[in-house]
Colleague: 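Shown below is the structure under consideration.
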Amino acid sequence: MLIKLPSASGCKESDVTPESFYLSRRALLGASAAALAASTLPRWADAAGPSPYAGVEPGAAPGWFKAKLPNTQWQAVTVKGEAITPFKDATHYNNFYEFGTDKGDPAQNAGSLKTEPWTVVIDGEVGKPGRYALEDFMKPYQLEERIYRLRCVEAWSMVIPWMGFPLSALLKQVEPTANARYIRFETLQDPKSMPGQRSSFALIDWPYAEGLRLDEAMNPLAILAVGMYGRELPSQNGAPLRLVVPWKYGFKSAKSIVRISLVSEQPKTTWQTIAANEYGFYANVNPTVDHPRWTQAHERRLPSGLFSPNIRQTEMFNGYGEEVASLYTGLDLRKNY
Ligand SMILES: Nc1nc2c(c(=O)[nH]1)N[C@H]1C(S)=C(S)[C@@H](COP(=O)(O)O)O[C@H]1N2
Ligand SMILES: [Mo]
């Protein structure tokens, strides 16, 4: 399941600029194809069908990609034989309640999000708390591409190529104290730019907050993403910094993060606060534990249509059990949903 592509050291710096990201990765895949089982390559890699990156070119998405992503490493965790979701779907079918509750609202409204300058605060139970401009916050880390399934608790899913760095790398840097047992993530609160925070949708007690157990946060699959499809994150996907935890339901992956706190107690999360009987703290993807109002046994993979709903079986831990199941030995996943 884990595939390591040739590392950046194998190619010239000019090969890893975002402009040539897609093409040179294809070249790398081609060159190393013999070394990889063909069945483990993502479907788009064999050049059949339209590129899922269509529309990624800056000209096709004005204003979305303000800068290039420097320092990117050729490393991917891919999904076996599954196509990457077209860029268009990944950026026009979103949950980001700060910008509205309809799937198309974030694409329509998130243009008002001001991502520069952006400050990230690290606080709580850490030896090295701090307040960083995003550029400085990111600087120590080599960006990697991670191609992950994203499974929303609402039973739809996508496959998205993220760009980011392991959350574990940040945690090692900030030195959690012996009291640190959980990590809490907080999204921007800015009613001026976020219409959902000033509307009548008072269900949510802003800001949006999420959390992980520290050992979950240290798992190598958990990343902080700053980009997708080889470019900066579009605002509707949580620019400029969002969490991605691929074995958990999508709501764990908090967008537009401004504060990361190490804490000793399990933090209160947004969806748990709204409906604890429907959305637990763990929120591991689990086809055997239904949502009280619908089954979680299967999911609709986007893009899907009325006549081609594209239904697939949901996998335990969203297919990442090999990497994460050991985190939960001895835990009743039915109670701790
Ligand atoms: N701040 C914030 N983060 C959020 C949400 C939100 O409403 N606000 N929605 C979550 C949900 S329910 C999902 S499924 C994913 C969707 O990510 P995507 O739009 O990039 O696919 O973001 C998650 N992160
Ligand atoms: Mo979701």
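Order of appearance sets the numbers: ligands from 1, and atoms from 1 within every ligand. Computed from a predicted structure; not experimentally measured.
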Colleague: Decide whether Tyr148 and Met218 are clustered together by the hydrophobic rule: side chain heavy atoms of Ile, Leu, Val, Met, Phe, Trp, Tyr closer than 4.5 Å, transitively.
Modeller: yes

Colleague: What residue and atom, counting heavy atoms only, is the protein's closest point to atom 24 (N) of ligand 1, and at what distance?
Modeller: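 The answer is Ser253 O, 2.9 Å.
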
Colleague: Once you restrict to heavy atoms under 4.0 Å, what part of Leu150 touches ligand 1? Side chain, backbone, both or neither.
Modeller: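 Side chain only.
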
Colleague: Taking atom 10 (C) of ligand 1 as the point of reference, which of Phe96, Trp206, Tyr208, Tyr97 owns the nearest heavy atom?
Modeller: Tyr208

Colleague: Whether Glu82 and Arg312 form a salt bridge (side-chain N of Lys/Arg under 4.0 Å from carboxylate O of Asp/Glu) is what I want to check.
Modeller: yes

Colleague: Given His92, Glu98, Lys255, which one has a non-hydrogen atom that is nearest to atom 8 (N) of ligand 1?
Modeller: Glu98

Colleague: Which residue holds the protein heavy atom closest to atom 15 (C) of ligand 1, what is that atom called, and what is the gap in Å?
Modeller: Gly250 O, 3.6 Å

Colleague: Is there a side-chain contact between Leu243 and Lys248 (heavy atoms, below 4.5 Å)?
Modeller: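 No. Closest side-chain heavy atoms not under 4.5 Å.
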
Colleague: Should you measure from each heavy atom of Cys152, which atoms of ligand 1 turn up under 4.0 Å away?
Modeller: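 Taking each heavy atom of Cys152 in turn, ligand 1 has 14 (S) under 4.0 Å.
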
Colleague: With a 4.0 Å cut-off on heavy atoms, is Ser256 touching ligand 1?
Modeller: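 Heavy atoms of Ser256 never come under 4.0 Å of ligand 1.
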
Colleague: Under a 4.5 Å side-chain heavy-atom rule over Ile, Leu, Val, Met, Phe, Trp and Tyr, are Leu331 and Met316 clustered together?
Modeller: yes

Colleague: Starting from atom 9 (N) of ligand 1, what is the nearest protein heavy atom, named by residue and atom, and what distance separates them?
Modeller: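 The closest one turns out to be Asn95 O, 3.2 Å.
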
Colleague: For ligand 1, indicate whether the residue Thr187 contacts it via side chain, backbone, both or neither (heavy-atom separation under 4.0 Å).
Modeller: side chain

Colleague: Looking at Asp190 and Lys192, does any basic side-chain N land under 4.0 Å from a carboxylate oxygen?
Modeller: yes

Colleague: Taking distance alone, with N or O pairs closer than 3.5 Å, would you say Trp162 contacts ligand 1?
Modeller: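 In fact, backbone or side chain, Trp162 has no N or O that close.
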
Colleague: For Leu233, is there any backbone N or O sitting under 3.5 Å from a side-chain donor or acceptor partner on Asn237?
Modeller: no

Colleague: Going by an N to O cut-off under 4.0 Å, is there a salt bridge joining Arg149 and Glu299?
Modeller: no

Colleague: Are Arg146 and Pro166 packed together at the side-chain level, in the sense that at least one heavy-atom pair is separated by less than 4.5 angstrom?
Modeller: yes

Colleague: So is Arg242 touching ligand 1 or not, going by heavy atoms under 4.0 Å?
Modeller: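 Yes, that is the case, since the closest heavy atom of the residue is under 4.0 Å from the ligand.
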
